[in-house]
Amino acid sequence: MGDDTPKRHFIQQIIDADVASGKWGAPGDGSVLATRFPPEPNGFLHVGHAKSICMNHGLAREFGGRFVLRFDDTNPAKEEQRYVDSIVRDVAWLGARWEGASEGDPTAGVKFASDYFGQMHDWAVELIEKGLAYVDEQSADEIRATRGSLKEPGTPSPWRDRPVAENLAEFEAMRRGEHADGSRVLRAKIDMASPNMNLRDPVMYRVVNAPHHRTGDAWHIYPMYDWAHGLEDSIEGITHSICTLEFEDHRPLYDWFIDAINKGRADADKIHHPQQIEFARLNPTYIITSKRKLLQLVEDGRVSGWDDPRMPTVSGLRRRGYTSESVRNFVVGVGVTKFNAMHDLGLLEGALREDLNTRAPRRMGVLDPLKVTITNWGAHGDEERLEDLEAVNNPEDDSAGTRTVRFGKTIWIERDDFMEDPPKKFFRLGPGREVRLRSAFWVTCHDSVKNDAGEVVELRCTYDPDTRGGGNPPPDAHGKVRKVKGTVHWVGDADCVDAEVRLFERLFTAEKPGKATGDPLDDLNPDSLAVVEHAKLERALAEPTPDEPDWPDGIRRFQFERLGYFCEDAEASRAAGRPVFNRAVTLRDSWAKEAKKG
RNA sequence: GGGGGGAUAGUGUAAUUGGUAGCACGACAGAUUCUGAUUCUGUUAGUCUGAGUUCAAGUCUCAGUCCCCCUACCA
């Protein structure tokens, strides 16, 4: 305590003890550790999966062990190749390198449960032969009805005690596709009276006469999760099979199946028995992670797709401008426990700001442009004159260098940065007030021009040539130095590009979407997307410049000074034929807080 | 009238397994600042309840309370 020993979460502590005792190999040899990420290819990955990926991969890396990426593709009805492709891409983007990964081939080394169907089938036959499994001909409804309830035991199936030979023959018929979907299942013979529902003769195989995205029509039976999962782990030599809390009740079954296979075998022939460990899933505020609800958002057109920048999907976060580093920092910061927590979404946003603050080049952009005419510019007949000024790219990183911004008679500032009748604490432009234009000059507002509707459409200001570069002017005759309270961003009219900027807010207005009515969609934020059609950005933003960092994912990210962090939406830019930027997150804004107080 | 898990400042997470309850985020106040950003400093606030064991309990015992999960041929 008080020292800098790293905090070890409970799973690390379990592994520490296992490595020390040599549970899986020689004592002290961490290379025997093996973890896995086992997604079902039936949807897109979201932040919650990111936690699992980072933890499993991080553990393997920390101990020098193995990390396996394995698809749990045991249900052909719901699974598709396109999900495999997106998941592989997302896992790689998050920075997790799985065993067998290679630069050239995205799916190199990726494992599939379907590759083990043959082995699983043989083991199932073994259980039948041991009298530990039987083919049940009851319908799904009958099975459900006879399973009992939480407080009452179930009743045994009439098929429970049929002869081994018959079971073998029936199972073989199922496999060959001689039975209709739903007509038969293979069940483990455990205990219909168990207080743990999972042990009431769970289904191991069901008949599905449908093509599988990888095995085609080779199979007519498909294994259930409980039967398959531990076997997949066993085959791959997984030592610590880490899953979420709701599988705690399944652990006895996980162990039962492996023990059943090992029953009667000599020690040398026993299959590997991994340890299942459960942890609490990630549960950020203002977010939903239900695949069903996420799908509904997409299908109802509430968002533009799975990768809409407002979506909590990995692809959404990526398009929003999140870095994989920030996502990783967020999930490790949240910790690993068995407590059902609520994670403040502000932590995710903060992780992004923290990362981008040090890395993102600064640029200037005006979202809601207000014209400013410098009335004393060109007082000697050179009104067209433009002046190049040097602006620092990143005050947090000297190596980021500087760039040139071009100043002239007409410039644009943010409409918010002017008030006709400003309160005392407003440090920006107002009648008679002086501010600094970032990296440029100090200007004083003398006059504003209104349109017929009474809206201010132009500011007429003078500039002070002695403040070139933005620095303080020389002291006056009495040695007094003029001060200015505020600095505002701007773009020069002669040196800006027209762009579309998309501003995102949280997708939901409630901390726990759906808490009030049961339907998260009732808490949708109607203002989660605001499109700025005509922002004016400094020219450097239009095309990549050599002074920009090499982002590993190729996504250009910037801080628009005083506004927030933005990334280029390359796809949308191409489609629009002009730059399109997405706002990832705003800067912290203590003025907005102050202004709200009144 | 079942089974499985969990409870430490507002939020999240530690506490050498019985020995000074710490960290991060937030909030608040101040300093610095060519971004009302960043950075820095300070303040704030906690062991679910009640008994018990002990010199000493977040930690051990007992009894409660509250929360989450479990009745798919999904994973």
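The basis for the numbers below is simple: all heavy atoms, side chains too, and nothing from hydrogens, waters or symmetry mates. Here is how names work: the chains are called A, B, and so on, in the same order as the sequence lines, proteins then strands, and each is numbered from 1.
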* **Interatomic distance where CZ belongs to A:R8 and C1' belongs to B:U13 [whole Å]** => 16 Å

* Which part of the nucleic acid, if any, lies within contact of A:V334, taking any heavy atom under 4.0 Å across all strands shown: a base, the sugar-phosphate backbone alone, or nothing? -> sugar-phosphate

* For the pair made of CG in A:N198 and P in B:A72, what is the distance, rounded to whole Å? -> 10 Å

* To do: Take A:N209 and A:D181 through the test side chain to side chain donor-acceptor pair (under 3.5 Å) and record every step on the way to the result.
  => CA-CA 6 Å; A:N209 294 294; A:D181 287 16; 2.8 Å; yes

* Asked: Does B:C23 have a Watson-Crick or wobble partner in any strand here, with both distances under 3.5 angstrom, and which is it?
  -> B:G12

* Structure fact -> Regarding the side chain of A:K151, the nearest nucleotide among B:U35, B:C74, B:G1 is B:G1

* Asked: Reckon A:T74 has a side-chain N or O less than 4.0 Å from the OP1 or OP2 of B:A75?
  -> yes

* To do: For B:C70 versus B:U20, give the span between their P atoms, rounded off to a whole number of Å.
  => 40 Å

* For B:G50, what is the paired nucleotide under Watson-Crick or G-U wobble rules, both distances under 3.5 Å? -> B:C62

* Asked: Heavy atoms under 4.0 Å, any strand shown: does A:P202 hit a base, just sugar-phosphate, or nothing?
  -> nothing

* Across the strands shown, which category fits A:G182 at heavy-atom distances under 4.0 angstrom: base, sugar-phosphate, nothing? -> base

* To do: Indicate, with yes or no, if the rings of A:H229 and A:Y225 have centres closer together than 6.0 Å.
  => yes

* Does the separation of the ring centres of A:H49 and A:F44 fall below 6.0 angstrom? -> no

* Using the C1' atoms only, state how far B:A21 lies from B:A57, rounded to an integer number of Å. => 12 Å

* Asked: When rounded to the nearest Å, what value does the distance between P atoms of B:G50 and B:U65 take?
  -> 15 Å

* Which part of the nucleic acid, if any, lies within reach of A:F426 when heavy atoms closer than 4.0 Å are counted: base, sugar-phosphate only, or nothing? -> base

* Base, sugar-phosphate alone, or nothing: which one does A:E278 contact when heavy atoms must sit under 4.0 Å apart? -> nothing

* Describe the nucleic acid contact of A:R436 in one word from base, sugar-phosphate, nothing, applying a heavy-atom distance below 4.0 Å. => base

* With respect to the phosphate group of B:C74, does any side-chain polar atom (N or O) of A:R206 fall under 4.0 Å of OP1 or OP2? -> yes

* Asked: Below 6.0 angstrom between ring centroids: does that apply to A:W490 and A:F407?
  -> yes

* In whole angstroms, how far is the P atom of B:U11 from the NE2 atom of A:H343? -> 12 Å

* Quick one: which of B:A75, B:G6, B:U71 gets closest to the side chain of A:Y225? -> B:A75

* Is A:F247 touching bases, backbone alone, or none of the nucleic acid, heavy atoms closer than 4.0 Å? -> base

* Measure the distance from OH on A:Y286 to C1' on B:U11 and round it to the nearest whole Å. => 12 Å

* For A:D73 and A:S114, test the side chains for any donor-to-acceptor distance below 3.5 angstrom and give the result as yes or no. => yes

* Asked: Base, sugar-phosphate, or nothing: which does A:I143 touch, judged by heavy atoms less than 4.0 Å apart?
  -> base

* To do: Could you measure between the two P atoms, the one in B:C68 and the one in B:G12, and give it in whole Å?
  => 14 Å

* With distance as the sole criterion, do the side chain of A:E396 and the base of B:U39 form a donor-acceptor contact below 3.5 Å? -> no

* To do: Any strand is fair game: report the nucleotide pairing with B:G2 by Watson-Crick or G-U wobble, both distances under 3.5 Å, or none.
  => B:C70

* Nucleotide nearest A:T337 (side chain, heavy atoms from C-beta), chosen from B:G2, B:U13, B:C73 -> B:U13

* In whole angstrom, give me the gap between the P atoms of B:G22 and B:G30. => 27 Å

* **Inter-nucleotide P distance (B:U16, B:G3), Å rounded** => 32 Å

* Considering only B:U38, B:A14, B:C28, which nucleotide approaches the side chain of A:K593 most closely? -> B:C28

* For the side chain of A:P195, starting at C-beta, report the closest nucleotide among B:G3, B:A75, B:U35. => B:G3

* Would you classify A:H250 as touching base, sugar-phosphate or nothing, given that sugar-phosphate means primed atoms plus P, OP1 and OP2, and contacts are heavy atoms under 4.0 Å? => base

* Considering only side-chain heavy atoms of A:F339, which listed nucleotide, B:A14, B:A7, B:C70, is closest? -> B:A7

* Is there a donor in the side chain of A:W159 and an acceptor in the side chain of A:Y134, or the other way round, less than 3.5 Å apart? -> no

* Nearest-nucleotide wise, let me know which of A:G148 and A:G471 is further upstream toward the 5' end of RNA chain B. => A:G471

* Which nucleotide in B:A72, B:C70, B:G36 has an atom nearest any side-chain atom of A:D589 -> B:G36

* Does A:F560 have its ring centroid less than 6.0 Å away from the ring centroid of A:F581? -> yes

* To do: Please determine, for the side chain of A:M224, which listed nucleotide (B:A72, B:U71, B:A15) has the closest atom?
  => B:A72

* Among B:G36, B:A75, B:U13, find the nucleotide with the atom closest to the side chain of A:A341. => B:U13

* Using a cut-off of 4.0 Å on non-hydrogen atoms, how would the nucleic acid contact of A:S149 be classed: base, sugar-phosphate, or nothing? -> base

* Mind checking A:S139 for me? I need base, sugar-phosphate or nothing, with any heavy atom below 4.0 Å counting as a touch. => base

* Asked: Is there a donor on the side chain of A:D249 or the base of B:G3 sitting less than 3.5 Å from an acceptor on the other?
  -> yes

* Using the P atoms only, state how far B:A27 lies from B:U8, rounded to an integer number of Å. => 22 Å

* Asked: So what does A:K485 hit on the nucleic acid, given a heavy-atom distance under 4.0 Å: a base, only sugar-phosphate, or nothing?
  -> nothing

* To do: Find the partner of B:A75: check Watson-Crick (N1-N3 plus N6-O4 or O6-N4) and G-U wobble (N1-O2, O6-N3) distances, both under 3.5 Å, and reply none if neither fits.
  => none

* Kindly indicate whether the side chain of A:R362 and the base of B:U35 share any N or O donor-acceptor pair separated by less than 3.5 Å? => yes

* **5' priority, RNA chain B, between A:R562 and A:H229 [closest heavy atom]** => A:R562

* Distance between C1' atoms of B:U47 and B:U59 (Å, rounded) -> 10 Å

* Do A:R588 and B:G36 share a donor-acceptor pair, side chain to base, under 3.5 Å? -> no

* Where is the tightest heavy-atom contact between A:I242 and A:N56, given as atom of each residue plus distance? -> CD1-OD1, 3.5 Å

* Asked: Taking the six-membered ring for Trp, are A:F112 and A:F71 ring centroids under 6.0 Å apart?
  -> yes

* Asked: Is the glycosidic angle of B:U17 within 90° of 0, making it syn, or outside that range, making it anti?
  -> syn

* Picking from B:U35, B:C73, B:G12, which would you name as closest to the side chain of A:L587? -> B:U35

* A:F330 has an atom CZ; how far is it from atom P of B:U11, in whole Å? -> 16 Å

* Asked: Would you say A:E142 has more than 12 foreign heavy atoms packed within less than 6.0 Å of its CD?
  -> yes

* Asked: Looking for any heavy atom pair under 4.0 Å, which part of the strands does A:E561 touch: base, sugar-phosphate only, or nothing?
  -> base

* To do: Have a look at A:R144 and say if it touches a base, only the backbone sugar-phosphate, or nothing, with a 4.0 Å heavy-atom cut-off.
  => sugar-phosphate

